Every structure is written in structure tokens, then in C-alpha cells.
A.B. asks: 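The structure under discussion is supplied below as C-alpha cells; questions concerning it will follow.
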Amino acid sequence: MYIGRFAPSPTGPLHVGSLVAAVASFLDARRHQGLWYVRMEDVDCLREVPGAADAILRALTVYGLQWDGSVLYQSQRLDAYAEALAQLQQRGLAYACGCSRREIAAQARQGAEGLIYPGWCRHGVKAGKLGRAIRVRTEDAPVHFRDRLQGEVVQCVSHEVGDFVLRRADGLFAYQLAVVVDDAYQGITHVVRGLDLLYNTPRQLYLQALLGYATPQYLHHPLVLGNDGRKLSKQHRAPALCLEQPVPQLCQALGFLGYRLPREAADMNPPTLLAWALTQADPLRSD
Ligand code: GLU
């Protein structure tokens with residue numbers, strides 16, 4: 001049984017870049033006669049924009065991306081994250097850290113995604129400090145997986161990322177923990193998402209192994225870039241989708257994914273266009 005998902009963060013309305021992620025995961029699920037869930041990743045309430053979650057769901061509906069079951073909200077799942085974290089702490093696999101960002105920045109090595117924490121609090125928080133963040137203890141063994149599109153990926157998490165944060169000093173659970181707990185809870189078998197998250201995946205595999213969860217199959221698709229060559233993102237104010245006229249942007253998303261649209265595409269409605277896409281060979285040819 002295939003179970004896929006689209007997991008937007010409600011930090012703004014959907015734009016063409018996130019539409020590509022939604023369409024890619026939706027079509028992959030439907031090609032496999034699978035379920036397609038939507039999970040609202042609203043665990044970081046500080047970055048949430050009021051109304052964005054509803055706007056995203058409205059846009060998905062207008063674009064013909066009908067999800068299965070009910071939407072899972074991460075803000076309703078805090079007990080599950082706390083339980084997973086407590087389990088890791090009890091087993092000595094996670095520890096409290098009292099180092100400030102400034103202390104870390106002064107001495108730590110820079111990794112591809114931020115500073116690599118040197119593990120100072122691994123054996124206890126320094127006297128006079130409060131351990132407010134919780135980090136996972138990483139190991140030197142490399143993490144391997146085969147991405148359905150990108151091929152073999154290897155990362156030594158301890159060396160390239162370091163002991164990463166599971167609960168932030170402000171008390172919020174980190175994306176890495178929430179995503180792993182929820183992918184397991186929802187029985188996700190296939191994750192299809194943008195290439196910007198490829199570098200996170202080994203951390204997620206590492207946590208899955210510690211928590212005894214199954215590892216889904218991953219596919220990281222190319223990203224839509226803006227004119228400046230950077231990923232389109234809500235933070236960089238990518239224009240929101242046009243809900244009055246969804247077809248041109250849906251065609252754009254399908255075209256980006258490699259579909260060669262017929263001339264009549266412009267006259268179709270979103271569900272027919274998606275149904276047409278499913279009759280075509282998968283341009284990602286990912287299996
Ligand atoms: N919520 C994340 C985002 O919007 C995606 C998480 C995921 O697909 O694993 O970037």
C-alpha cells in the first residue's frame with residue numbers, strides 16, 4: 001500500500017514552487033493507486049501566518065488536488081513529539097544543551113546547513129547554565145539511502161551536521177523530530193518533496209532508526225527557481241497562486257515536472273488536467 005503526503009508549512013499562501021511539490025506528490029500517489037494525505041506543518045507557531053493554513057487548503061481544492069482523510073495538524077501532535085523525545089532522553093540518545101547561539105558561533109565549524117555543534121553538553125550542561133534545548137547524539141557511521149530520482153545519497157550526520165536540535169531553547173519541537181514522528185504515525189511509505197530538503201533526509205533516517213520506525217522511499221524533485229536563481233519561497237515573497245484562474249499555473253507546474261501539454265490543456269479544468277497527466281508516462285521516470 002502506497003501512502004504519500006504533502007506537508008506544507010503555513011508560513012504564507014502556496015506559490016508555483018510549492019504547487020510543484022503538491023502536484024508531484026499527488027500524481028505519484030495516484031499513479032500508485034495510493035493515498036495522499038495533507039499534513040499542516042504548523043509546529044513552529046512563531047513563523048505561522050494567520051489564515052495561511054486555510055488558504056493553502058483552499059488553493060489545493062481549487063487546483064484539483066483532493067486529499068484523502070482529514071488534514072493532520074502538527075500543532076495537535078505535541079504530546080506525541082514529547083513522548084518520542086522523552087524516549088530518546090531516557091535511552092541516553094538525546095541530551096539537554098545550554099550553549100547559546102553566540103557561544104557556538106564563536107568556535108564551531110560551519111557545515112553546509114549551519115554551524116556544526118561541537119557536542120560540548122554531551123556529558124552535561126556547564127555549571128551555571130540551564131539546558132534548554134535538546135539535541136540528539138549523532139554517531140560517526142554514515143547514513144545511506146537511494147533517492148528515487150537523485151540516486152545514492154550518503155551523509156555522515158555527526159561530521160556534516162553534528163548533534164542537531166530536537167527541541168529548541170524556546171520550547172518548540174524541531175521540524176526534524178516532528179516530521180519523523182508524523183511520517184511514522186501516518187504510515188507514510190513514499191515522500192515526494194523538493195530538492196531543498198535532500199540534505200535533511202539523512203537526519204530523518206537517523207532518527208527513524210533510533211525510534212524503530214520504518215523508512216519511507218524518498219524522491220526529491222528539482223526546485224522552481226526565481227529570476228535571481230534562488231528557490232521560490234514564501235520568505236522571498238513568491239507571488240501567491242491565482243485561485244480565479246488556476247489552469248495557467250497548473251500547466252506551468254506540470255510543464256516544470258516535464259509534462260508536454262497538449263494545446264487543449266488551456267481549456268481543461270484542473271481535475272481533467274491532472275487526470276490527463278496520469279495517462280502520460282511519468283516524466284520523472286522515477287521507478
Ligand atoms: N513543511 C516543510 C516545508 O514546507 C516540508 C516538509 C517535508 O515535506 O518533509 O518545507
Side-chain angles (χ1 to χ4, degrees), residues 2-29 34-49 52-57 59-60 65 67 71-77 81 113-114 143 145 147-150 153 155 161 164 166 168 172-208 211 213-226 230-238 240-241 253:
Y2 178 118
I3 304 180
R5 49 57 158 199
F6 174 55
S9 305
T11 53
L14 288 188
H15 49 76
V16 169
S18 35
L19 180 64
V20 165
V23 169
S25 63
F26 173 86
L27 291 177
D28 198 55
L35 293 172
W36 187 66
Y37 291 152
V38 171
R39 181 167 76 226
M40 204 48 77
E41 300 216 316
D42 56 353
V43 73
D44 185 347
C45 49
L46 302 176
R47 285 182 58 222
E48 181 166 355
V49 171
D54 286 346
I56 290 172
L57 297 179
L60 291 175
L65 298 161
W67 58 90
V71 175
L72 185 70
Y73 287 82
Q74 289 196 322
S75 53
Q76 307 291 313
R77 301 266 307 140
Y81 310 144
E113 275 200 357
V143 174
F145 73 100
D147 185 273
R148 290 168 57 207
L149 197 58
Q150 310 298 332
V153 177
Q155 185 186 77
V161 180
F164 53 95
L166 299 179
R168 297 168 11 181
L172 295 181
F173 292 102
Y175 157 68
Q176 308 294 350
L177 179 69
V179 78
V180 160
V181 170
D182 285 342
D183 280 341
Y185 172 70
Q186 296 188 286
I188 302 300
T189 59
H190 292 74
V191 173
V192 175
R193 60 185 179 191
L195 201 45
D196 53 329
L197 290 164
L198 183 69
Y199 201 77
N200 289 255
T201 308
R203 266 171 277 174
Q204 295 172 18
L205 263 72
Y206 184 73
L207 286 179
Q208 286 156 2
L211 289 162
Y213 298 156
T215 289
Q217 302 268 323
Y218 289 90
L219 185 161
H220 291 86
H221 60 73
L223 297 177
V224 181
L225 304 179
R230 287 170 33 175
K231 179 201 162 197
L232 279 192
S233 73
K234 296 165 200 150
Q235 287 93 317
H236 297 116
R237 300 182 187 283
L241 296 177

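Model, not experiment: these values are computed from the prediction. As the structure lists them, so they are numbered: ligands from 1, and atoms in each ligand from 1.
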A.B. asks: Tell me, please: is Arg5 in heavy-atom contact with ligand 1, that is, under 4.0 Å?
C.D. replies: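 Per 4.0 Å heavy-atom rule, Arg5 contacts ligand 1.
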A.B. asks: Angle between ring planes, Phe173 versus Tyr81, binned at 30° and 60°: parallel, tilted or perpendicular?
C.D. replies: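 Phe173 and Tyr81: perpendicular rings.
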A.B. asks: Tell me whether ligand 1 is touched by Phe6 - counting only heavy atoms on the residue side and a distance under 4.0 Å.
C.D. replies: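 Checking ligand 1 against Phe6, which is what was asked, there is no heavy-atom contact under 4.0 Å.
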A.B. asks: Could you tell me whether the side chain of Trp67 reaches within less than 4.5 Å of the side chain of Leu57, counting heavy atoms only?
C.D. replies: yes
A.B. asks: Please list, in number order, the atoms of ligand 1 under 4.0 Å from a heavy atom of Leu197.
C.D. replies: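 Going through ligand 1 atom by atom, the ones under 4.0 Å from Leu197 are 5 (C), 6 (C), 7 (C), 8 (O).
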A.B. asks: Name the orientation class of the two ring planes belonging to Tyr2 and His190 (parallel below 30°, tilted from 30 to 60°, perpendicular beyond 60°).
C.D. replies: parallel
A.B. asks: Quickly, which of Asp182, Val179, Val192 forms a side-chain contact (heavy atoms from CB on, under 4.5 Å) with Arg5? Name it, please.
C.D. replies: Val179
A.B. asks: Against heavy atoms of Ser9, which atoms of ligand 1 measure under 4.0 Å?
C.D. replies: 1 (N), 2 (C), 3 (C), 4 (O)
A.B. asks: For ligand 1, which atoms, with element, lie under 4.0 Å from some heavy atom of Glu41?
C.D. replies: 1 (N), 2 (C), 5 (C), 6 (C)
A.B. asks: Give yes if a backbone or side-chain nitrogen or oxygen of Ala7 is under 3.5 Å from a nitrogen or oxygen of ligand 1, and no if not.
C.D. replies: yes
A.B. asks: Taking 4.0 Å as the limit for heavy-atom contacts, which would you say applies to Asp196 with ligand 1: side chain only, backbone only, both, or neither?
C.D. replies: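 Contact part for Asp196 vs ligand 1: neither.
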A.B. asks: Would you compute the distance between atom OG1 of Thr201 and atom CZ of Phe145 and round it to the nearest 0.5 angstrom?
C.D. replies: 4.5 Å
A.B. asks: Closer than 4.0 Å to some heavy atom of Arg193 - which atoms of ligand 1 meet that?
C.D. replies: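 What qualifies from ligand 1 is 7 (C), 8 (O), 9 (O).
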A.B. asks: So if I count the atoms of ligand 1 from 1 in the order they appear, which ones are less than 4.0 Å from some heavy atom of Val179?
C.D. replies: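 Near Val179, meaning under 4.0 Å from one of its heavy atoms, ligand 1 has 9 (O).
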A.B. asks: Check the pair Arg193, His221 against side chain to side chain donor-acceptor pair (under 3.5 Å), reporting the backbone distance first and the verdict last.
C.D. replies: CA-CA 6 Å; Arg193 60 185 179 191; His221 60 73; over 6 Å; no
A.B. asks: I'd like to know whether OH of Tyr73 has more than 12 heavy-atom contacts from other residues, nucleotides or ligands below 6.0 angstrom.
C.D. replies: yes
